[in-house]
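Before any comments, here is the structure.
We count ligands from 1, going down the list as the structure has it; atoms in each ligand are counted the same way. These numbers were taken from a predicted model, which means no experiment stands behind them. By convention here, the first residue in the shown sequence is residue 1.
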Amino acid sequence: MNIKTTLLTVACALALSACGDKSAPSGAETATPPADSAAATPAETTPPAASETAAPAASAAPQAGSKVAVVTDCATEIDSNDAMQYNVNSIVIPASCTDFKITLHHVGKMPVAAMGHNVVITEADDMQEVLADGMAAGLAQDYVKPDDDDVIAHTKMIGGGETTSVSFSVSKLKDGGPYKFFCSFPGHAALMNGTIEVQ
Ligand code: CO
């Protein structure tokens with residue numbers, strides 16, 4: 001009996017405190033504000049939750065396992081990290097774009113010489129050769145052979161905490177393909193690569 005009474009008292013106290021300025025002592029009136037707040041809470045949290053889950057689900061739907069970059073105003077921003085990863089593996093450029101800009105963030109902490117990342121774009125068939133030539137060119141050249149005709153566009157090589165970007169003409173990706181984007185730091189492209197296409 002004592003325990004039940006105590007619990008009831010605590011429950012009432014919690015209900016009252018939750019009600020804020022609604023301090024009416026009667027049970028009938030105190031029941032109403034919690035009902036309001038209970039109704040308001042799901043109403044406030046549901047729309048953001050729904051939109052947050054709906055957007056990635058919708059964009060990821062076409063290809064299972066693909067992480068499509070968010071494109072806004074003919075530009076995208078992608079992340080790279082100390083675990084040798086990009087946060088996306090697909091970039092779709094709207095065909096209406098004349099130029100396209102890719103901004104690369106390195107959200108890790110490791111220096112460029114140990115965990116450098118860039119973004120290099122080539123035809124898929126040219127990727128391995130560009131990687132080999134880039135490795136020979138070395139870090140001083142951002143692991144990209146200077147004036148490599150097979151390189152459609154590339155950023156500089158960056159380390160943790162840095163950001164870089166590159167802009168290029170979309171017309172360069174409209175004939176041929178398929179095209180890839182990847183990091184040319186030795187060994188990274190096995191994990192750090194994705195498809196880039198114009199649609
Ligand atoms: Co890298």
To the nearest 10 degrees, could you say what angle the Co ion (ligand 1) makes with O of Gly116 and SG of Cys183?
100°
Among side-chain atoms of Ser184 and Asn118, is any donor-acceptor pair under 3.5 angstrom?
yes
Looking only at N, O or S atoms in His188, which is nearest to the Co ion (ligand 1)?
ND1
Measure the spacing between OG of Ser80 and CE of Met115 and express it to the nearest 0.5 Å.
9.5 Å
Give me the ring orientation class for Tyr86 and Phe181: parallel if the planes are under 30° apart, tilted from 30 to 60°, perpendicular past 60°.
tilted
Donor-acceptor contact below 3.5 Å, side chain His105 vs main chain Val107:
no
When you measure from the Co ion (ligand 1) to each N, O or S atom of His117, which atom gives the shortest distance?
ND1
Is there an N/O/S atom in Phe185 at a distance below 2.8 Å from the Co ion (ligand 1)?
no
